[in-house]
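Take a look at the structure set out below.
Residue numbers count from 1 along this sequence. Here the structure is a predicted model, which is why all the values come from computation and not from measurement.
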Amino acid sequence: MGLCVKLTAAVFQLAKILDFKKDVILNEERQKKGSLVFAVNGERFELPSVDPSTTLLEFLRSETCYKSPKLGCGEGGCGACVVLVSKYDPKLKKIEEFSVSSCLTLLCSLNSCSITTSEGLGNSRDGFHSIHERFAGFHASQCGFCSPGMCMSFFSALVNADKGNKPDPPPGFSKLTSSETEKAIAGNLCRCTGYRPIADACKSFAADVDIEDLGFNSFWEKGDSKETKVSKLPPYDPTKNFSTYPEFLKIESATNLDSSRYLWYSPVSIEELRNLLNSDITKNGASFKFVVGNTGTGYYKETQLYYHYVDLRYVPELSIIKRAQAGIEVGATVTISKIISFLKEENEVSLGSYERLVSQKLANHMEKIASPFVRNSASVGGNLVMAQKNGFPSDISTLFLGLSAIVSLMTSRGLEMITWEELLSRPRLDSRTVLLSVRIPFKKDQSSLQTPSKFLFETYRAAPRPNGNALAYVNAAFQADISLCQIGIQINNIQLAFGAYGTKHATRAKRVEEYLTGKILNVQLLYEALKLVKLAVLPEDGTSHPEYRSSLAVSYVFEFLYPFTDVHSAISDGLLNEISDISVEEHFKSSNDGCISQGREKTLLSSAEQVVESSTEYYPVGEPMKKVGASMQAAGEAVYVDDIPSPPNCLHGSFIYSTKPLAGVKGIQLEPSQLTEGVTTVITYKDIPTGGANTGSITPFGSEPLFADDLARFAGGRIAVVVADSQRLADLAARTAVVEYDIANIDSPILTVEEAVEKTSFFQIPPFLYPKQVGDFTKGMAEADHKILSAEIRLGSEYYFYMETQTALAIPDEDNCMVVYTSSQYPENAHHVIASCLGIPEHNIRVITRRVGGGFGGKSYRSTPVSTACALAAYKLRRPVRIYVNRNTDMIITGGRHPMKVTYSVGFKLSGKITALHLDILINAGITEDISPILPLDVINAVKRYDWGALSFDVKLCKTNLTSKSSMRAPGTVQGSYIAEAIIEHVASLLSMEVDSVRNENVHTFESLNLFYDNIVPEVGEYTLPSIMDKLVMSSSFFQRKKMLEQFNQKNTWKKRGISRVPVVFEATERATPGKVSILQDGSIVVEIGGVEIGQGLWTKVRQMTAYSLGLIESSWAKSLVEKVRVIQADTLSVVQGGLTAGSTTSESSCAAVRLCCNVLVERLTPLKKQLQGKNGSVDWPTLIRQAQMQSINLAANSYYVPESSSLKYLTFGAAVSEVEIDVLTGKTTILQSDIIYDCGQSLNPAVDLGQIEGSFVQGIGFFMHEEYLTNEDGLMVSNSTWTYKIPTIDTIPQNFNVHVLNSGHHEKRILSSKTSGEPPLLLAASVHCATRAAVKAAREQLKLWGKIDGSVSEFYLDVPAILPIVKTQCGLDYVEKFLETLLAQKSN
């Protein structure tokens, strides 16, 4: 035995030696060839040649089996494509690991690197990583499209933290802190979950986490101790982490690639770089590109192909970062992450206070630039060059301008050193000029001077997202040299740099600097200086929110200088409670060696409480089981349409759309041949086959053309599809295509609802869809004590922002058939429209949808044109064609939520009781009806949440030359909900009453509820809203917090808080839905339903319902049956009449359909079971099914659930309290806390419903607070990128987020007493907007206290979304000036 062991060990050792020699030989061969070699999840790849413009994401998705990195935006703005890159430094013998956006990272830049994707961490066959398991267990994955990227962002932070020098954490945890876990995922977007469960899943790894603070999950049971909870978490042991960098790569020499094969050059010295730029690659007009991280292409989309790429990372002078006596020198290729790390290390070494101060401030500010996975690749030099050449709104440019940085350039004339300020003033750098390095100079020591001076340095930025991943409205960097005189503080020198405010480059406010220099700082001086600031910071024409940006600059200078004015003697009047009462001497005591820093606090997400009331009555229905396939989604194994491997000879399509709202189309010109290389054809309406129709979408109310014919009728209208060899080539050709328009003899377009009214451009609303008026409006107005007449509300559009954009794959099949895979909420409709367009029978078409990476209504009807165009191209070319619509195009052509203009008149009593309301509603429907005719009913149903006494209205659907607006999560109801709350707020403000009192006064009684909702609630006990409102008051400590908030507002000048309680009454409608259940030979169960899994947990609930229903044969089987059930993809030829997955009720309808199927199977199997029991005494499920097979019992059942008219519609109820804090200086709103109680009836799965409630609420926050939908003068969306359209992120959700999923008991007409949860909570996000309005009102009351406001404090309109400029504008853009005027007036008295 011992001999065998020795022989085995010897053989193993010999094999290792042979493998090593083999690797050495391969390495020697590669050095001769200069080949590109890298690893993906430990697998070796060697590419003899590759297009240098190929990104890592493109390679992974098209050439490997690893599909977990997803294309979400192509801009580095969403995180769906994040992977881990590992690089080996042979000199230091150290592996560097960092996350990157694979959509921006060029493949050729990864020579000798190792790439790890989420599949590489773990999988369903070999076992999942604990990250995957905890994501699943904390219910942190819904649609799942963002989950792999989220996991990799977190894994990158995890591995780097565990390699650090921090103390060892407790067993089962990492060295990460809770704060670091949040920062790790701060750049990743998720549209489904609301982020809270994702944060909890990540925090479960943190060394400093309080395990009791973590939210609801599937690991723990009530009553578990802390130790038990830790032991139940999927184990994490950092010492057992697998290697992300395979050994075989360590012996690979990172030699330069063979430029003749790759067109990729990697110079290793300045001299080599200079020679390269003087060589043939830059002559005769040949285009070349400098590259470091290639992140600039995320902002500036490429519109040309480059012949050569020059990688600057290997020039030593460009990669240095060091501290010298004169300052900090930073090479141009140093990444933003590396300079942040360096600056943080500088804080820990022995530095002068100025150097330490600058290092700290720069690091803190730079951490708010982009996201970690972009900063890891983006270079300092690249950022600066984009700012100089293209006017990029750079933070780094402003920071370096404020610090008088000096740059080193290599030009055609030689080396040159100039200030960054001077370089900004020069013309654009030419293509041969290279930025080599930047030096941040240090100030000289002032301690030897007779009058010692002190330095101030501070940076500022205000952006839609506080912690980064958003461009600033204005950024700034200020430094000042001040000294103490007998009469105050003297400004010896000052520099004020501003950027990103709507000018080409960052600028210095030199007139302000000159005015302040040499003067004693006092309030009058500051007041006059701020006037100059407003004149100095003037955005160029066309900049959004110009007045706000100028006001923001004023706020920055005020915040910088005000603490050093002579105002401390005036503090006793109570005006300055927010700014500390510290004398000049005390300020100087704050730093003994000459530097002053005004620090800012950082906040984290607080703990949150989730109360889930589950039921075991219908077990396993009602159990909070984790979502089916959640671990698989996190690992990246879940297959979406674009993950399906491309068939041989597959082509790719990209849309050309109209940029004009109404114009003739004379022709389409593609750019010169270099850009059209690989382009096969352009598909237009002329390619529709004989017998087919130019139809892209069909709804119950009308159709929409697939392509424009000779006339483009709306901005964003599809004109053609470019078909090419790759998606990148198709996108490039479409992006650079030129459409020739003819506007002669064309009517002017209709873009607004006012223009539609003027030209009588309306769609008809079918009478059966027009809502019913309630009561007598005239009589109600006569009873009123007060009236508001013809007040206006305007609501804009909103984009869906599903993480997976519109996509389809069409494959021609035998006998003139076509198989289409599509990401659709309505495969049945796609099936019908494709057949109609191609002019072939519907049985020739098969549409398959497995899962959808987020829909929110945008993939109901708006996905159909994409799958139809894809099928048309495949039909014409007789080749497979796939389309993955790029994010920018998707945002333009898809449409979105309906904009509205509402005019209302309302009468009310002195008590706040409303007696009558009339609404005139103009809905902008766009160019076709789509589903717009249902909007009036939805809007009015949402308005009816309150007892208005009498309600009348006139609703018009306006036809305009814009994209067709369609259903979006809570269509119409979110607008109606806001209309109701805005009117309540207006009434309260006019009466000077508490808004909550007016709400309470108008909440429905049981009788008024049934009057407004046509006797929909059968019993008083089912009307749970009053009790929910009362419970919420108690659980949220509403009145106590309200008092505390009033005290806070009295004591604080620059921060104001508001709180609001809002109810929801939501009318849900069930739909007819098919189902099919089949039991296979081994007893496993396959379920097919018409509904589509879009992240809402449909499959999970259906699985539970199947197990429960079949378990009626024998109740003890129910638990084991859950694991035997698999729900499979929607297939339009397998289950017909699949219907539309929308309206939040598909899950319960599908469960009802499956239950009907199971009832049939139970009826068939129960007699056999009894027979076998009588014979054998007992029987198990596998035996029962085997016997059923042998006796030829039909083990498949179909059903079609059609809800009865009496149970077709029902109401669901909930309420929310939200508290916010606004920063009056910037307009920033922080949601301190949100508390929700929501009635789910008897939830089918409380964990799934909890996720729906949180995710829906946060999406509502996006609509009410963040998502600015901007169009140009032609109605074309211009905020069509992740750079300009901002959905909520982890740093904009409620810091304390408490949710109670209420079990309201039996509801006889509901499916197992359940109620919907997907859409109603979105309406509750109005509580955040209303709380913000309350906070703004408090700021206006402050102005009134100073005697500085004209008109009413409370009568103002806060726009939706209430973004920073809107909030600050309503607080007063001149709030700072009015504050100083008040001080000056007091001093003069």
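- Under 3.5 Å, the side chains of Y685 and D710 contain a donor-acceptor pair of N or O atoms.
- No side-chain N or O of S1150 forms a donor-acceptor pair with one of S1147 less than 3.5 Å apart.
- Here the side chain of D947 pairs no donor or acceptor atom with the backbone of N1002 at under 3.5 angstrom.
- Side-chain contact check for Y1200 and T1073: no donor-acceptor pair (N or O, by modelled atom type) lies under 3.5 Å.
- Salt-bridge check for E981 with R999: passed, with a basic side-chain N closer than 4.0 Å to an acidic carboxylate O.
- Between K859 and S824, the side chains place no donor N or O within less than 3.5 Å of an acceptor N or O (distance only, hydrogens not considered).
- Looking at residues two or more places apart in sequence or on another chain, you find a side-chain contact (heavy atoms from CB on, under 4.5 Å) between V1135 and P1074, K1076, E1088.
- Note on ring orientation: taking the six-membered ring where Trp is involved, the planes of F1006 and Y1023 are tilted (angle from 30° to 60°).
- Annotation: the span from F1257 atom CZ to Q1252 atom CD amounts to 15.0 Å, rounded to 0.5 Å.
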Worked verdict on T1069 versus K1209 for side chain to side chain donor-acceptor pair (under 3.5 Å)
CA-CA 5 Å; T1069 305; K1209 296 177 182 292; 3.1 Å; yes
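- Note on D785 versus K913: no salt bridge recorded, every NZ/NE/NH1/NH2 to OD/OE distance being 4.0 Å or above.
- Q825 and T1141 are not linked by any side-chain donor-acceptor pair at a separation below 3.5 angstrom, with hydrogens and angles left out of the test.
- With sequence neighbours left out, R1071 forms a side-chain contact (heavy atoms from CB on, under 4.5 Å) with L1140, A1142, T1145.
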Is there a side chain to side chain donor-acceptor pair (under 3.5 Å) between E842 and H832 once you walk through the steps?
CA-CA 6 Å; E842 289 194 24; H832 174 59; 2.7 Å; yes
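- Under the 3.5 Å distance criterion, the side-chain polar atoms of T1132 are matched with a main-chain donor or acceptor of V847.
- Aromatic ring centroids of H1329 and Y978 lie under 6.0 Å apart.
- For D890 and Q806, the side-chain atoms include no donor-acceptor pair closer than 3.5 Å.
- Of all the heavy atoms in V833 and S697, the pair that sits closest is CG1-N, 4.0 Å.
- Here F655 and Y657 keep their ring centres 6.0 angstrom or further from each other.
- Taking the six-membered ring where tryptophan is involved, the planes of Y800 and Y802 are essentially parallel, since the angle between them stays under 30° and well short of 60°.
- Nearest approach of K965 to P899, heavy atoms of both residues: CG-CD, 3.9 Å.
- For R794 and E754, the salt-bridge test passes: some basic side-chain N is under 4.0 Å from an acidic carboxylate O.
- Judged purely by distance below 3.5 Å, without hydrogens or angles, the side chains of H918 and D920 pair a donor atom with an acceptor atom.
- Listed by first then second residue, pairs satisfying side chain to side chain donor-acceptor pair (under 3.5 Å) with a partner in residues 922-931 read E704-T928, R862-D930, N924-T960, T928-S964, D930-S966, not counting sequence neighbours.
- Aromatic ring centroids of Y826 and Y861 lie under 6.0 Å apart.
- K779 NZ: 12 or fewer foreign heavy atoms inside a 6.0 Å radius.
- Aromatic ring centres of H1004 and F1012: separated by under 6.0 Å.
- Side-chain N/O atoms of S932 and H898 include a donor and acceptor closer than 3.5 Å.
- Evaluated for a side chain to side chain contact (heavy atoms under 4.5 Å, CB included) with F1066, the options D1239, L1323, L1324, L1322 yield exactly one hit, L1323.
- A salt bridge is absent between K901 and E755: the closest approach of a Lys/Arg side-chain nitrogen to an acidic carboxylate oxygen does not fall below 4.0 angstrom.
- Checked by atom type and distance alone, the side chain of R969 never pairs as donor or acceptor with a backbone atom of G855 at under 3.5 Å.
- With respect to R1310 and E1070, a salt bridge is recorded, a charged nitrogen being found less than 4.0 Å from a carboxylate O.
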